[in-house]
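Okay, so here's the structure we're looking at.
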Amino acid sequence: MNTMENREPSASTLDRLEAQSVHLFREAYREFKSLVMLWSVGKDSTVLLWLARKAFFGHVPFPLLHIDTSYKIPEMIRYRDEMVRKWRLNMIVGQNVRALSEKRAFPNGGLTRLECCKALKTEALKCTLSSEWPRKRYDHAIGGYVEETHGEAFTGVIVGARADEEGSRSKERYFSPRDRDSDWNTSDQPPELWHQYKTDFAPGTHVRIHPLLDWTELDIWEYIGREEIPVTSLYFDQGEGRRYRSLGCAPCTQPVESTAKGVADIIAELKTGKFSNVSERSGRAQDKEDGGGLETLRRSGYM
Amino acid sequence: MNKQEELEQMNVVVVGHVDHGKSTLIGRLMADTNALPQGKLEQVRATCARNAKPFEYAFLLDALKDEQSQGITIDTARCFFKTARRRYILIDAPGHIEFLKNMITGAARAEAAFLLIDAGEGIQENSRRHGYIMSMLGIRQICVLVNKMDLAGYDRGAFDRLCAEYESFLRRLDIHPIRFIPISAMKGLNVALDGKTEMPWYEGPTVLEQLDALERPASLRELPFRFPVQDIYKFTEGGDDRRIFAGTVLTGSVRVGDEVSFYPSGKRSSIRSVEAFHAAPRSGASAGDAAGFTLATQLYVRPGELMARDDQPPPIVGRRFRANLFWMGRAPMIQGKTYKLKIGAAQGSLKLVEVLSVLDAADFVSEHSKQQVDRHDVAECVLEAYRPVAFDQVGQVLHTGRFVVVDDYEIAGAGIALEKLDDSESTVSQHVQAREFAWEGGRVTAADRAEMYGHASKFVLLTGEDAGALATLAGSIEQALFRSGFKAYCARSANVARGLDADIRLRADMRDEQVRRLGELARLLTDSGQIFITSLSNADEYDVRTLELLNSPHEILVVRLGGTADASIPAHLTLPAGTDPETGVEAVRKLLMEKKVILDYQI
């Protein structure tokens with residue numbers, strides 16, 4: 001916050017946003033002994049990963065966590081593991097193995113979209129963070145994932161949520177506390193001022209850290225372009241006149257009509273205002289279910 | 001590049017008493033600058049007509065908020081619009097006192113503020129409180145909008161009287177508004193369009209013109225260099241051997257080669273390099289940069305210190321200071337309780353020494369004498385940090401004196417240190433004096449014990465960076481001394497942490513309390529005639545001095561293990577890193593003989 005105030009007029013918006021995010025990363029790393037960063041493999045959390053390397057001078061000194069619903073578009077998993085090897089990331093994967101083995105999912109397992117999200121993402125995330133469920137960790141020596149049990153419980157979770165993305169996310173703080181049941185009290189949030197955030201927390205609670213809160217969709221793409229950050233090709237039109245604007249599970253994610261074949265095309269497209277009245281997550285069907293959508297999900301722990 | 005992208009961005013907060021017209025103003029500004037989604041205005045007008053309600057611009061904002069929950073990207077607290085000069089983010093700060101924490105969070109992001117006052121209702125409690133908060137947050141560009149002029153008959157006299165009254169209040173807070181504008185947000189007068197027909201007597205700019213006329217705050221680069229050390233990294237993976245001092249430059253600038261000092265420790269070095277990942281090589285850093293430096297010399301500094309340039313005025317270092325404080329906590333701030341202080345990148349324990357005065361919440365002018373600081377109070381008080389902190393005298397570099405107070409895991413207070421007060425008589429030394437004055441000695445004296453045990457008592461403190469190596473060495477010393485027939489006991493850090501310190505594991509003042517308890521434990525055990533050995537990793541000079549004081553009248557021997565360990569620690573013995581336990585034990589044994597704790601012939 002003060003980062004904004006403190007920046008020189010000549011510093012670009014991207015420079016300011018980068019400096020602010022880096023500051024938040026360093027604050028999180030200093031304050032939380034058991035820190036993890038969620039990496040959904042999408043554009044936002046990939047920018048987040050890049051910013052972590054900026055903050056720690058090329059290193060990523062905490063594990064990354066991906067909740068694999070098994071319904072992710074296969075290209076996402078391929079890209080994930082490629083980056084894990086390339087940047088030698090400490091990668092953890094969590095999954096609701098039981099729900100999957102019982103085939104409880106949308107649409108064929110009789111679950112609604114929201115119930116499916118709750119089981120495969122929210123619950124999987126909660127139990128992976130607390131280490132209640134076993135999780136898989138990438139072993140660079142053998143080049144594959146190995147199951148681990150009784151790992152550490154994470155008390156600080158870095159998330160790539162942006163305020164402009166969706167209504168409920170604009171109520172977040174940079175450091176947002178969650179209680180034992182991952183409950184989020186939106187009406188009583190901690191004050192944030194002068195680079196000071198809520199970094200003290202009662203046993204059993206955890207804090208979500210949002211270094212990307214002030215970034216917009218356009219900022220993200222401009223930064224990807226400026227820094228030449230590798231992102232999955234799903235965001236680009238492969239010649240069929242369609243591309244993904246937001247990535248999720250295959251059954252619930254729809255591409256948008258677009259001929260943008262690269263980062264520059266996407267930036268140009270966003271600037272035309274083509275999507276200015278269309279929510280970025282409009283291709284994500286679960287947001288529209290039951291009226292409450294994402295806020296309902298987020299209250300119970302969805303990221 | 002697109003023209004839009006070259007526009008600079010500015011955050012402006014809109015504050016004021018509840019119902020003084022914040023939402024109407026923002027709705028009007030959005031509508032008159034065509035910043036609304038297509039068809040929105042018509043839609044809201046139609047809804048009003050259907051419900052036989054007069055249309056209000058505030059409904060626009062409500063409608064946008066409603067839509068938000070359905071997924072359209074408009075921010076509740078933040079509204080975006082642009083003029084030919086800039087992109088603006090208007091922060092809609094809640095006026096209700098229950099949401100004061102949100103209001104502060106929103107306002108802290110702003111570079112300028114619009115303060116709304118209802119021409120009819122006049123200056124209300126929150127008009128004053130928000131004025132005070134703007135002043136405390138350091139927002140210098142404040143513009144007062146006198147709203148609902150239509151209901152006041154566009155009366156110049158009423159406007160002038162209100163301005164004069166409010167200006168005299170703001171002057172007490174050292175706020176000098178850049179402008180007073182008479183407006184009618186509802187009718188859109190002097191907002192985006194002028195109100196010359198209704199208020200021909202007003203010749204100043206409209207709200208929109210005023211927005212574009214705002215200037216960015218004076219360059220922070222011109223102030224002295226201040227860099228709170230957020231953290232110190234040594235990531236060894238991939239053969240990386242850099243020791244990087246990371247943080248965000250608050251003010252000023254620095255270049256490679258500049259001589260720098262750290263405060264409060266006073267240690268000195270110079271900048272060897274500016275580090276960055278995936279960026280062009282840099283030779284310096286300035287205000288706002290999230291930077292990283294390596295130093296020309298090996299220096300042991302803890303995160304939290306403030307780095308400053310030696311060719312510029314240094315910050316003040318002190319423990320006791322006078323401060324302005326704003327309290328948000330549900331429980332009041334009271335004397336005798338320990339809080340956590342966060343100032344810059346530093347953290348530590350804090351106590352309220354004295355409340356000098358509390359501003360009256362209703363008029364914010366008269367003062368009350370109170371013993372505690374209640375919720376929403378604004379107080380001037382004397383605070384004391386357990387260990388020294390670095391900040392600048394108010395009026396020099398405002399930014400370093402800003403702090404927050406944590407009570408029971410929550411940020412409960414925010415304040416600014418105004419000046420350092422005399423702290424020659426520390427709380428610890430006062431405590432020790434009082435304790436020793438009342439100390440009940442038994443019939444067995446220290447000399448009796450020494451004669452019986454064949455050696456004097458002593459507190460041996462091991463410190464360094466490697467906690468594992470320290471624990472091993474401490475254990476070896478205990479064993480060797482015991483085998484030689486001495487009464488030696490090693491309190492293992494892990495045992496102390498799980499037992500004596502179990503209840504402070506999550507306390508805000510954990511480190512300071514841990515040191516205090518260790519000091520008291522040492523006092524008792526050395527009193528029992530033993531050689532008491534323990535390790536405290538990463539102890540700094542202040543920790544050692546505190547332990548020394550707490551252990552008095554008995555004495556302490558400090559053994560430092562490892563090269564990068566704090567060289568300023570007054571150590572009696574320094575062992576290089578990697579010293580094997582046997583060599584370490586012999587060196588300590590020699591030290592104990594030199595200090596006449598044990599005698600030659602006893603070995």
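Side chains included, hydrogens not; waters and symmetry mates left out as well; all remaining heavy atoms used. All chains are named by letter (A, B, ...) in the order of the sequence lines, taking the proteins before the strands, and each is independently numbered beginning at 1.
The environment of CZ in B/Arg140 is crowded: more than 12 heavy-atom neighbours from other residues, nucleotides or ligands sit within 6.0 Å.
At a threshold of 4.5 Å between non-hydrogen side-chain atoms, the residues B/Ile411 and A/Tyr197 do not count as touching. Residues B/His399 and A/His195 fail the side-chain proximity criterion, which asks for heavy atoms closer than 4.5 Å. A/Gln196 places none of its side-chain heavy atoms less than 4.5 Å from the side chain of B/Phe403. Annotation: side chain of A/Gln20 is not in contact with side chain of B/Thr248 (no heavy-atom distance under 4.5 Å).
With sequence neighbours left out, B/Ala246 forms a side-chain contact (heavy atoms from CB on, under 4.5 Å) with A/Arg26, A/Phe57, B/Tyr233. Under the side chain to side chain donor-acceptor pair (under 3.5 Å) criterion, A/Asn90 pairs with A/Arg137, sequence neighbours left out.
In this structure, the separation between OG1 on B/Thr105 and OH on A/Tyr174 is 9.5 Å, given to the nearest 0.5 Å. Going from atom NZ of A/Lys54 over to atom CZ of B/Phe277 covers 7.0 Å, rounded to the nearest 0.5 Å. Between the CG atom of A/Asp200 and the CD atom of B/Glu410 there is a distance of 9.0 Å, given to the nearest 0.5 Å.
Relative orientation of the A/Tyr29 and B/Phe235 rings is tilted, given thresholds of 30° and 60° on the angle between their planes.
Heavy-atom distances place no part of B/Ile139 under 4.5 Å from chain A, backbone and side chain included. Both the backbone and the side chain of B/Ala345 come within contact range of chain A, with heavy atoms under 4.5 Å apart. Neither the backbone nor the side chain of A/Glu18 comes within less than 4.5 Å of any heavy atom of chain B. Residue B/Asp408 does not touch chain A at all, counting heavy-atom pairs closer than 4.5 Å. B/Ile244 touches chain A through its side chain: at least one heavy atom from C-beta onward sits under 4.5 Å away, while N, CA, C and O do not.
Most heavy-atom pairs under 4.5 Å with chain A: of the set B/His278, B/Glu237, B/Met328, this distinction falls to B/His278. Among the candidates B/Gly292, B/Ala291, B/Ala412, the residue making the largest number of heavy-atom pairs closer than 4.5 Å to chain A is B/Ala291.
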